[in-house]
Amino acid sequence: MIDGGEAIRKLALNVARYSGLAPLAKPFIGGIGAILMLHRVTATPAKPDSVNRHLNIAPGFLDAVIADMKASGYAFVSMDEAVERIKAGGKGGEFATITADDAYRDNMTEALPVLEKHGAPITIYVAPGLISGTADLWWDVVEEIVDACDSLTLAKPNGSLTIDCSTTAKKVQANIRLHVYLTSEVREEDLQTVLRDLARASGVDTNGPRLRTLMSWDEIRSIAAHPLVTIGAHTINHSNLKRLSEVDARHEVGAVRGLLQAELGQEPRHFAYPYGYASAVGCREVGFVRDAGYTSAVTTRHGLLRAEHAGFLHALPRISVNGRYQSVAHIRTMLSGVTTPLANAGKMVVTI
Ligand SMILES: [Zn+2]
């Protein structure tokens, strides 16, 4: 998780507007490479009209994107090699590396066969708390709560707020409102308690989504042994680091290394900031991740890689392969470089 819905819609409009320019612009503003960001990859989503559908792409689309990029000269490399190529200023030609956040089971069952076909490596970022159940896949739990209710009552500092969830349109609004409530009004430390209280009142099992859709430790151990797969860290509890104290944030970033080592026998070298947007990662958090000894870290900020990123290996932007816009032309336009400054107030070198 996750893309800002509004930001990605605006970006999509810009992609459409600038797609004709893209082939002309690429030699001038194209980067040295790209980090693609995936979440779920399945041909059979349980809820095709889900509010979280932007997190899912079809395996056939992944296949088409990789084939198109390879045809235009991209080499698909591991994250370790991507870091080396960034440090070398992009010598060796255009490259791409694939990443997937949260460790969805379909990464193994539906994405991996596509990656094997192309010999394309992937880095999967794991938050141990989501796997063990000390943290919740809350964005899916929220959707189940809203689906189960006609109305919801939220505790607010000045009383309570009742949200209407009685119709399909109201449910869409209720999902948005609950996201805002849980990510900005409730303290990060209280998110789980508040979510579990709402779920209990609605008869929703908070374990359901993660058990259905995320890999188990045995499955992660199995995929970690695959030669194309690197396991990275995604904090312990999928925390918004910017909303935590320094002590807690450093613990989420540092102690996750030992937890993954204990489960998988190997310490992670690469890190992905949960949420990854500006209100979840800034200079302070980048410092924590650098101090913890990671080789690289990725955000969800939109952008191509440039040689200058050799100095910002712990704040690397990505290109989201988004489920709402599954078109190869859309990806080509983003890879041309024209959308990087559009999404970042004119900046070509996107960090945080
Ligand atoms: Zn995530």
Side-chain angles (χ1 to χ4, degrees), residues 1-4 7 31-35 37 78-89 97 99 101-102 123-130 135 183-184 187-189 191 230-261 266-320 340 343-352:
M1 228 271 204
I2 204 166
D3 297 309
I32 60 173
I35 304 175
M37 174 172 71
S78 67
M79 186 59 80
D80 281 330
E81 188 175 338
V83 168
E84 292 309 313
R85 285 182 179 232
I86 295 168
K87 286 179 180 171
T97 191
T99 63
D101 294 8
D102 307 333
T123 301
I124 299 173
Y125 297 105
V126 178
L130 287 179
T183 57
S184 60
R187 292 191 324 147
E188 185 72 6
E189 298 88 329
L191 188 154
T230 298
I231 300 296
H234 200 36
T235 74
I236 301 172
N237 291 303
H238 204 279
S239 303
N240 180 327
L241 295 172
K242 216 172 191 176
R243 301 188 74 221
L244 293 180
S245 68
E246 174 168 352
V247 170
D248 289 346
R250 283 191 186 273
H251 178 72
E252 284 283 334
V253 169
V256 66
R257 301 192 71 169
L259 292 176
L260 288 173
Q261 155 103 52
Q266 201 174 16
E267 276 208 353
R269 297 181 299 282
H270 305 282
F271 183 90
Y273 300 92
Y275 312 106
Y277 41 57
S279 56
V281 48
C283 287
R284 187 190 76 143
E285 292 70 34
V286 170
F288 297 163
V289 170
R290 193 188 298 121
D291 290 349
Y294 291 97
T295 303
S296 79
V298 293
T299 69
T300 59
R301 307 293 289 276
H302 175 83
L304 293 180
L305 298 173
R306 299 183 67 88
E308 292 90 336
H309 281 112
F312 302 97
L313 290 172
H314 299 90
L316 299 175
R318 290 191 280 181
I319 298 292
S320 174
T340 297
N344 296 282
K347 272 198 295 186
M348 291 299 296
V349 182
V350 179
T351 54
I352 47 168

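Along the sequence shown, the residues carry numbers beginning at 1. We use all heavy atoms of the structure for the numbers below, so side chains are in, but hydrogens, waters and symmetry mates are not. Being a predicted model, the structure only gives us computed values, none of them experimental.
A pairwise comparison of heavy atoms in I236 and A255 identifies CD1-CB, 3.8 Å as the closest pair. Taking every heavy atom of both residues into account, P274 and A280 meet most closely at O-CB, 3.7 Å. Across all non-hydrogen atoms, the minimal contact from V256 to P128 is CG2-CD, 3.5 Å. Residue A310 comes nearest to I86 through the heavy atom pair N-CG2, 3.4 Å, listed as atom of the first residue, atom of the second, then distance. In terms of heavy atoms, T97 sits closest to S78 at OG1-C, 3.5 Å. The minimum heavy-atom distance linking I231 with P268 is given by the pair O-CB, 3.9 Å.
Side chains of H302 and I319 form a contact here, defined as non-hydrogen atoms less than 4.5 Å apart. The shortest side-chain heavy-atom distance between L305 and P317 falls under the 4.5 Å cut-off. Using a 4.5 Å heavy-atom cutoff, the side chains of Y273 and V286 are in contact. Using a 4.5 Å cut-off on side-chain heavy atoms (C-beta onward), I35 and M79 make contact. Side-chain contact check for F271 versus T235: some heavy-atom pair is nearer than 4.5 Å. Counting heavy atoms from C-beta outward, F312 and I352 have side chains that stay 4.5 Å or more apart. Residues L313 and K87 form a side-chain contact, since some pair of their non-hydrogen atoms from C-beta on lies under 4.5 Å apart. Taking the side chain as every heavy atom from C-beta outward, H270 and V83 approach each other to under 4.5 Å.
The aromatic rings of Y275 and H238 sit perpendicular, their planes meeting at an angle over 60°, well past the 30° parallel limit.
Under a 3.5 Å cut-off, the side chain of E188 and the backbone N or O of L244 do not form any donor-acceptor pair. Judged by distance alone, with hydrogens and angles left aside, the side-chain atoms of K242 form no donor-acceptor pair with the main-chain N or O of Y277 at under 3.5 Å. Put simply, the side chain of Y294 gets close to the backbone of V253: a donor and an acceptor are under 3.5 Å apart. Judged by distance alone, the side chain of R284 and the main-chain N or O of L241 form a donor-acceptor pair under 3.5 Å. Remark: side-chain polar atoms of E252 are not paired, donor with acceptor, to backbone N or O of A249 under 3.5 angstrom.
Among residues two or more places apart in sequence or in another chain, the salt bridge (charged side-chain N to carboxylate O under 4.0 Å, His left out) test is passed with E267 by R257. Residues that satisfy the salt bridge (charged side-chain N to carboxylate O under 4.0 Å, His left out) test with K347, not counting sequence neighbours, are absent from this structure.
Between the CG atom in N240 and the CG atom in L191 there is a gap of 9.5 Å [rounded to 0.5 Å]. A distance of 11.0 Å separates CG in D102 from CD1 in I124, rounded to the nearest 0.5 Å. To the nearest 0.5 Å, the span separating CG on L260 from NE2 on H234 amounts to 11.5 Å. We find the CZ-CD distance between R250 and E285 to be 10.5 Å, quoted to the nearest 0.5 Å.
Each side-chain hydrogen bond (donor to acceptor under 3.5 Å, both in side chains) pair with one or both residues in residues 308-318, not counting sequence neighbours, appears once here: T99-R318, D101-R318.
Remark: of the listed residues D80, T123, T295, D80 is the sole one forming a side chain to side chain donor-acceptor pair (under 3.5 Å) with R269.
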Would I32 and R85 satisfy side chain to side chain contact (heavy atoms under 4.5 Å, CB included), going step by step from the backbone distance to the final call? CA-CA 9 Å; I32 60 173; R85 285 182 179 232; over 6 Å; no
